[in-house]
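Below you'll find the structure, written out as structure tokens, and then a few comments.
Read the numbers this way: they start at 1 and go in the same order the structure lists the ligands and their atoms. Nothing here was measured: the structure is a model prediction, and the numbers come from that model.
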Amino acid sequence: MGSHLCERLLSEGHHVVAMDNLKTGSLENIRTLLHEPKFHFIEQNVSSYIHYPDPLDAVMHFASPASPVDYMNEPVHTLKAGSLGSHNALGLAKAKGARFMLASTSEVYGDPEVSPQDETYWGRVNPIGPRSVYDEAKRFAEAITTAYRRYEGVDASIIRIFNTYGPCMRLNDGRVVPNFINQALQGQPMTIYGDGRQTRSFCFVSDLVDGIVRMLWSGDQGPVNLGNPDEFTILEFAQVVQEVMGIKSQYVYLPLPEDDPKQRRPDITKARNLLGWEPKVKLREGLQKTVAYFKTVVSVSN
Ligand code: UDP
């Protein structure tokens, strides 16, 4: 997400300072940007104090592991990125008088009892479950962002990002899109967790970036859902991946991870009305681009 967002902002003529500790991100994704005169990269852990000397118009806090596998491998770092990291990023925005944006997540809705999920739903999160290191960190991040808006005068906004995919994802990040494509490329069976009837809705990265940029300059506080409302069961999704790749895969069924949400689909009425935004890229089209990217990565690593 970060590299795509940097490219988009640079293409609009902005100066961009990107900070990342490269725990789950990769310099490879911004290699070509490093030569741009208006781009500056700083290796920084968001959970440590952030020093930046020059003025800033906007601070966008997107730092956190986002794949369940990653955040369960790095539970304390994930909690710190959402809590200390949000505090540091908000402090920076306050000091600069900058617009602030928090990248929150559909995970604040937990394993929801309502579908689709709109922004008024408070969620059903297990505070001590394995996903809580991410979910509760993001819920805290929303709370502190709101407090800085109400009490500290920061022009702060919140977006809630639903499942997003596209080029530049890590092949082994453990999420369903890279997993299925990688397994198909290697001729391995696809790993279906549970019975595969849980649902997700997948947004292509360019659509998401468009929504983010509209929200950034809208002046609205949110929270606003950003995602694609086309919902698929994981088995349906596996089928679409095979169709797009022109292959037939076997399945291996593995246990459903604890607290894995059974359904997830954004209600994007608010984003439509507020931002005039709507995803345009259909799943098959987005998957073709993503598969093409992963093929280049696999051929390099072989
Ligand atoms: N999933 C799966 N096989 C995989 C990876 C994930 O069946 O190899 C399922 C997972 O249990 C979840 C859905 O796919 O129901 C999406 O998982 P992902 O890790 O992409 O992100 P989540 O939406 O759970 O944050």
Contacting atoms of ligand 1, where contact means under 4.0 angstrom from a heavy atom of Asn163: 21 (O), 22 (P), 23 (O)

Proximity to ligand 1 by part of Asp260, non-hydrogen separation under 4.0 Å: side chain

Proximity of Arg175 to ligand 1 by residue part, where a heavy atom lies under 4.0 Å: both

Heavy-atom nearest neighbour in the protein, as seen from atom 16 (C) of ligand 1, with distance rounded to 0.1 Å: Arg200 NE, 3.6 Å

Qualifying residue for side-chain hydrogen bond (donor to acceptor under 3.5 Å, both in side chains) with Asp70, from Arg170, Arg175, Lys23: Arg170

Proximity to ligand 1 by part of Glu107, non-hydrogen separation under 4.0 Å: side chain

Region of Val177 that comes within reach of ligand 1 [heavy atoms, distance under 4.0 Å]: neither

Numbered atoms and elements of ligand 1 in range of Thr191, under 4.0 angstrom, heavy atoms: 2 (C), 3 (N), 4 (C), 7 (O), 8 (O)

Minimum-distance protein heavy atom relative to atom 1 (N) of ligand 1: Tyr193 CD1, 3.4 Å

Proximity of Val176 to ligand 1 by residue part, where a heavy atom lies under 4.0 Å: both

Contact partition for Arg131 relative to ligand 1, non-hydrogen atoms under 4.0 Å: side chain

Close-contact set for ligand 1 against Asn179 heavy atoms, below 4.0 Å: 4 (C), 5 (C), 8 (O)

